[in-house]
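To find a chain, count down the sequence lines: A is the first, B the second, and so on, and within it residues start at 1.
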Amino acid sequence: MGIQLYNTLTRKIEPFKPLEKGKVKMYVCGPTVYNYIHIGNARPVVVFDMVRRYLEYRGYEVQYVSNFTDVDDKIIKVAEGMGEDVKSLTERFIKAFHEDTGALGVKKADIHPRVTETIPEIVSFIERLVDKGYAYESEGDVYFRTKKFKDYGKLSQQSIDDLQLGARIEVGEKKENPLDFVLWKKGKPGEISWESPWGNGRPGWHIECSAMVKKYLGDTIDIHAGGQDLVFPHHENEIAQSEALTEKKMANYWLHNGYININNEKMSKSLGNFVLVHDIIKQFDPKVVRFFIVNAHYRSPINFSAEQLTSAESGLERINTTYTNLQHRLKTSADLGEDSEAWESKIEEHHDRFIQEMDDDFNSANAVAAMFDLVKLGNLYLMEKHTTKDVLSKFVGRMENMAYVLGMELGKQEALLDEEVEKLIQERIDARKNRDFARADAIRDELKERNIVLEDTPQGTRWKRV
RNA sequence: GGCGGCAUAGCCAAGUGGUAAGGCACGGGUCUGCAAAACCCUUAUCCCCGGUUCGAGUCCGGGUGCCGCCUCCA
């Protein structure tokens with residue numbers, strides 16, 4: 001049936017049809033870099049990384065662009081407070097972003113454009129909007145004339161009149177209309193700024209994405225994604241700017257992920273109830289955090305708590321245990337099983353279901369369920385007296401496929417043990433042969449203290465780190 | 001005030017109108033020298049009230065509760 005996805009623009013599930021066969025142009029709004037990212041910021045990064053991986057797994061060539069906002073009010077303020085210049089602050093947190101998201105198994109985008117490296121395109125974008133009458137200069141600022149853009153509100157499904165009622169009017173308003181938003185902001189003395197036809201200043205927030213999308217991906221792209229809180233005003237404004245200029249549809253599909261909540265409230269920088277990825281991965285394996293995120297449907301809100309992560313940790317361990325057991329069996333046992341075809345076709349059924357679930361608006365919650373079903377099947381197979389290399393490899397391969405799409409590496413534990421530990425394990429094997437269980441148990445306890453857990457299987461003793 | 005979302009077992013979480021996936025936790029059992037892991041069994045009148053239908057968690061109407069956007073926010 002192919003991939004179906006929920007499009008915020010139409011509020012419907014639609015079949016995915018790329019602009020160009022076999023290719024996908026995708027843009028994800030990235031962070032403003034003045035702090036470490038919190039787990040709520042991490043969600044879209046993880047979730048759309050998964051979307052990208054899945055599209056690639058399904059054979060699409062994906063061009064994936066995600067920006068860094070590396071100049072804005074908050075950055076300037078924070079930099080000032082720290083006595084650091086803007087450039088060095090943003091460099092620091094861009095590096096931290098890559099470290100944190102890398103730990104979460106996120107692949108880098110093909111291009112990570114920055115505002116400060118896109119100024120000429122932004123200025124010319126604004127100039128052309130002014131030329132077309134969609135923007136006006138006012139005391140050194142430039143604003144977008146929302147009233148002139150007839151589709152304003154189409155993404156957030158709001159009428160321009162209702163929006164106006166809700167809009168707050170600031171004192172000393174330089175705008176023609178409260179809904180107008182700033183494209184270019186007049187610089188204050190001493191602040192970072194660039195020259196422009198309207199004097200020194202810097203870009204407003206929304207214009208950067210419009211300019212970057214156009215620069216790197218073109219007038220119309222396939223997928224534009226971000227957090228739900230960006231629907232209005234950010235994405236609405238992007239559409240206004242871009243479509244006013246190009247008179248073409250900016251993106252065919254708009255995808256928005258749900259929030260991560262704490263105590264049922266949105267996690268956000270302004271509420272101050274956030275947990276930094278930087279900190280949480282000191283307590284939990286980053287793969288656990290990834291699994292936790294991927295375990296829910298991307299549009300559902302998820303509540304964050306240590307209990308939930310602990311639960312995810314146990315679930316992931318179940319998957320890993322089966323995976324390592326299958327590999328252990330593959331290495332240590334003979335190639336003697338029967339009914340290979342029957343097992344292999346069952347494995348394929350689970351893989352098919354995985355694909356079907358991911359096709360259905362990236363329903364990773366159900367895809368994970370399919371993976372757990374495969375795990376169960378694997379455990380049943382491991383109970384067979386005789387197994388074949390073919391079936392075992394098939395299990396391992398399919399588990400790896402699924403894990404790749406979800407962005408989790410399986411069973412990646414250091415293969416090496418130091419000599420002393422190796423010796424102890426061997427000594428215990430001998431002790432058990434001699435039925436010296438007291439000694440065997442003592443060794444097992446000792447290794448446990450060193451976080452190495454032993455499991456005796458019919459194919460021999462297996463160890464793992466915990 | 002406008003727009004939108006959600007309410008499913010102890011916890012988390014899926015669910016195309018046909019009598020409720022999956023995970024975690026709990027209890028019982030099997031296997032094991034003992035464990036661990038695994039396997040088997042047990043655990044839900046799907047917020048309330050109406051309606052449509054042969055049949056509704058799933059559609060419609062009305063409640064109740066919670067949340068989000070409308071201001072920087074993923």
Side-chain angles (χ1 to χ4, degrees), chain A residues 8 11 13 28-32 37-48 69 72-74 77 153 156-159 161-168 170 178-179 181 205 225-234 236 256-261 263-271 274 291-292 295-297 299-303 305 307-319 321-322 324-325 353 357 360 363-373 375-376 378-383 432 435-438 440-441 444-445 448 453-458 461-462 464 466:
Chain A
T8 307
R11 313 242 163 186
I13 305 255
V28 180
C29 288
T32 303
I37 55 164
H38 60 65
I39 178 125
N41 301 129
R43 191 174 186 189
V45 182
V46 165
V47 143
F48 297 118
T69 300
D72 93 322
D73 290 353
K74 283 206 180 118
K77 202 172 154 194
S156 51
Q157 314 267 303
Q158 305 242 39
S159 78
D161 297 330
D162 292 336
L163 282 167
Q164 271 174 355
L165 288 172
R168 307 177 190 199
E170 290 161 31
L179 285 180
F181 53 91
W205 175 39
Q228 231 152 45
D229 46 359
L230 296 184
V231 173
F232 191 91
H234 186 55
E236 195 72 68
H256 295 96
N257 64 276
Y259 301 124
I260 289 187
N261 296 330
N263 297 325
N264 269 339
E265 271 190 333
K266 177 184 172 184
M267 181 187 291
S268 77
K269 287 178 187 169
S270 37
L271 287 174
F274 54 86
F291 183 60
F292 166 74
N295 213 350
H297 185 99
R299 284 192 283 117
S300 305
I302 44 182
N303 220 17
S305 69
E307 289 71 32
Q308 290 313 313
L309 279 187
T310 302
S311 167
E313 189 170 45
S314 304
L316 185 57
E317 198 178 314
R318 174 174 163 84
I319 294 171
T321 299
T322 299
T324 49
N325 283 344
R353 181 179 164 216
E357 298 293 358
D360 181 14
N363 193 335
S364 55
N366 279 346
V368 168
M371 192 170 183
F372 274 111
D373 287 339
V375 162
K376 178 142 189 172
N379 286 329
L380 288 170
Y381 190 64
L382 287 165
M383 290 170 87
R432 289 184 74 226
R435 305 192 66 78
D436 180 1
F437 297 122
D441 290 351
R444 187 168 62 196
D445 289 344
K448 196 175 178 182
V453 169
L454 299 184
E455 292 176 8
D456 301 320
T457 75
T461 297
R462 237 178 40 55
K464 67 176 178 183
V466 289

ring-ring contact (aromatic ring centres under 6.0 Å, His included) with [X]: which residues, sequence neighbours excluded?
{"X": "A:Tyr381", "answer": "A:Trp343, A:Phe395"}
{"X": "A:His297", "answer": "none"}
{"X": "A:Phe181", "answer": "A:Phe144, A:His206"}

Look at all strands and tell whether [X] reaches a base, only sugar-phosphate, or nothing, counting heavy atoms closer than 4.0 Å.
{"X": "A:Ser156", "answer": "sugar-phosphate"}
{"X": "A:Gly153", "answer": "nothing"}
{"X": "A:Lys74", "answer": "base"}
{"X": "A:Met371", "answer": "nothing"}
{"X": "A:Gly40", "answer": "base"}
{"X": "A:Ser268", "answer": "base"}
{"X": "A:Gln157", "answer": "sugar-phosphate"}

**Message:** With a 3.5 Å limit on both atom pairs, tell me what B:rG68 is paired to, counting Watson-Crick and G-U wobble, or say none.
**Reply:**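 With both distances under 3.5 Å, B:rG68 matches B:rC3.
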When both distances are under 3.5 Å in a Watson-Crick or G-U wobble arrangement, the nucleotide paired with B:rC47 is B:rG63
Q.
Side chain of A:Ser270 only, heavy atoms from C-beta on: which candidate in B:rC72, B:rA21, B:rG68 is closest?
A.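 Among the listed nucleotides, the one closest to the side chain of A:Ser270 is B:rC72.
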Side-chain contact check for A:Ser300: nearest option of B:rC70, B:rA74, B:rA14 is B:rA14
- Kindly indicate whether the side chain of A:Glu236, heavy atoms from C-beta on, has any atom under 4.5 Å from the side chain of A:Leu163.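 A side-chain contact is absent here, since even the closest heavy-atom pair is not under 4.5 Å.
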Tabulated below should be each protein N or O lying under 3.5 Å from an N or O of nucleotides 8-12 of chain B; please produce it.
from	atom 1	to	atom 2	distance (Å)
B:rC11	O2'	A:Gln308	NE2	3.2
B:rC12	O4'	A:Gln308	OE1	3.4
B:rC12	O2'	A:Gln308	OE1	3.3

Reading nucleotides 31-38 of chain B from 5' to 3' and marking B where a protein heavy atom lies under 4.0 Å of the base, S where only the sugar-phosphate is that close, and - otherwise, the string is --BBBBSS
For [X], salt bridge (charged side-chain N to carboxylate O under 4.0 Å, His left out) partners two or more places apart:
{"X": "A:Lys269", "answer": "none"}
{"X": "A:Arg444", "answer": "A:Asp441"}
{"X": "A:Asp229", "answer": "A:Lys266"}
{"X": "A:Asp373", "answer": "A:Arg353"}

First of A:Gly30 and A:Tyr259 reached from the 5' end of RNA chain B, by closest nucleotide |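 Its nearest nucleotide being more 5', the pick is A:Tyr259.
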Atom pairs under 3.5 Å: protein N/O with N/O of nucleotides 15-17 of chain B:
from	atom 1	to	atom 2	distance (Å)
B:rG15	OP1	A:Asn363	ND2	3.2

The side-chain contact (heavy atoms from CB on, under 4.5 Å) partners of A:Val45 (sequence neighbours excluded) come to A:Phe97, A:Thr101, A:Val106
Whole-Å distance, A:Arg11 CZ to B:rG68 C1', equals 12 Å
Given atom CG of A:Asp229 and atom P of B:rU71, what is their separation to the nearest angstrom?
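In whole Å, B:rU71 P lies 13 Å from A:Asp229 CG.
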Separation between the C1' atoms of B:rG23 and B:rA14, rounded to whole Å:
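To the nearest whole Å, 11 Å.
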Sequence neighbours excluded, the answer for side-chain hydrogen bond (donor to acceptor under 3.5 Å, both in side chains) partners of A:Asp436 is none
